[in-house]
Amino acid sequence: MSPALLFAILIAYFALLLGVAWATSRNANNDSFFIGNKSSNWMLVAFGMVGTTLSGVTFVSVPGAVGADGFGYAQIVIGYVIGYIAVAYVLLPLYYRLQLTSIYHYLDVRLGRRAYQSGAGFFIISRLLGATARLYLVVNILQAIILDSLGIPFWLSTLVVLGMILLYTYKGGVKTIVWTDTLQTSAMLFGLFACVWILLGELNMSVLESLNQMQSQGLARIFTHDLDSPNFWLKQIIAGALITITMTGMDQEMMQKTISVKTLKDSQKNMLTLTAVLVVVLLSFLFLGGLLYLYAPIAGVTASGDKIFPAVVMGHLPAALQVVFLIALISALFPSADGAITALTSSTCIDLLGIKRRSDLTEAAKESLRRRVHLGFAGLFLLMVLGFKAADNPSMIVVILKLAAYTYGPLLGLFAFGMLTRRGVTDRLVPYITIGAPILCAVLEYNQEHLLGSYRLGLELLMVNGILVYAGLFAISHKVKAGSAAVAA
């Protein structure tokens, strides 16, 4: 299929998103942008969050990693289930009880202003790095299959994509994203299952036959039993649980949509529905990866990792499936970027600039400030995507999970200390603790061969980081009087 036709499909899909944005953002205000006026439908939020959780990295990297790791990612998925249950029944009741717009306000109430700002700051760093890494991956694929042949440079492609996202989120924010993410999740899942169905047909195999073939080729292995390996099964399960608790339950982007649901009960139903759907979808992506690696030798495809999925579909499968793949890929791109820009704007305005507390600003001035911050983050996204392009790592899912271990660890330590103890802290020292812990983790990881022998750190680095922050907070803590302002879960 010609690149020009694929480009036209891209523009048509974007026009559809603009139509949805126009319909949902009429009469929108700052409350619409930040929390959807607390009126979002829990079923729409749950379904749309599947797309936000998965992103283009899952769409491309999870199938691509099957060649090296088999179905080992399923170990992390088991941990995800544990983590989502913890978010639903531990964190959400706390957020609803405090009626939060920004979840980091909990840290202000519980520990102090510096803890609050530290939490919000690490969220901003975490989401900036993760979202721009995801955006880079998908734009890079679009560049390879469409835009290079049209003579469009990578920087301009990224600028146009970010401009598109700004256009449909600029006014409505969360209120719009709940609907656009639902549309995009539908397109992504249709693309996933269409690719599975076509590949099974091309291989002339049933599901059971293909699984047997994957097993014989070592593609379907799940559990790693080597304790020293970064992929040891217990490490992966614990890491999966902590990743979910931090990257969902302590992440303003994900919680911003969840707490936009009117009641706690519906919000919990949203979280449990998301969990069930996500497990099915992630296992399907692993199965798709196995099919790709079965088909690649037959088609003469030598690509692996993040490149195998687009190489197989765009080079060897029917034109109709290429269209489906393109739309699904775009649908994986937008939810991870639109929600991130919106959440980063919300956190910066509420947590760092104190827009809710500023009585000196009119509503019009507050909206103007929020829009300037929104534009600023779009510009920052552009610079960081270009930075990832320069680095060009072959497996972005590994990069994202490693970044999460460093940037979400302080959030894990802050929330854990606040919820598991009744102690206060010397607030002015909190930033030194939250910055020092990731630095110590970097030193530990860099010197692990000398310090840990044959043992290799994996995703459990997130837990180590959180423990270091917790220990540091305890060291600067003190007892507080009963009935004080401390708030626990």
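Please read these numbers as outputs of a predicted model, since none were measured by experiment.
- Of the possible polar contacts, none joining the Glu460 side chain to the Pro230 backbone as a donor-acceptor pair under 3.5 Å is found.
- Tyr80 and Tyr84 have perpendicular rings, their planes meeting at more than 60° on a 0 to 90° scale where under 30° would count as parallel.
- When atom types are taken as modelled, the side chain of Thr246 and the backbone of Leu412 share no donor-acceptor pair closer than 3.5 angstrom.
- Under the 3.5 Å distance criterion, with hydrogens and angles disregarded, a donor-acceptor pair is assigned to the side chains of Arg372 and Ser368.
- Note: Tyr470 and Phe417 have perpendicular aromatic rings, judged against thresholds of 30 and 60 degrees for the angle between ring planes.
- A distance-only check finds no donor-acceptor pair linking the side chain of Ser267 to the backbone of Leu264 [under 3.5 Å].
- Thr421 and Arg110 share a side-chain donor-acceptor pair at under 3.5 Å.
- Proximity of Tyr136 to Thr158: side-chain heavy atoms (C-beta onward) are nowhere separated by under 4.5 Å.
- Side-chain contact between Leu386 and Phe154 is present, with at least one heavy-atom pair separated by less than 4.5 Å.
- Side-chain atoms of Tyr95 come within 3.5 Å of backbone N or O of Gly249 as a donor-acceptor pair.
- Using bins of under 30°, 30° to 60° and over 60° for the plane-to-plane angle, the ring pair Tyr106/Phe415 lands in the parallel bin.
- For Phe193, the CZ atom sits in a packed shell: over 12 heavy atoms of surrounding residues, nucleotides or ligands are nearer than 6.0 Å.
- Remark: the backbone N or O of Val261 is not paired with any side-chain donor or acceptor of Asp266 at under 3.5 angstrom.
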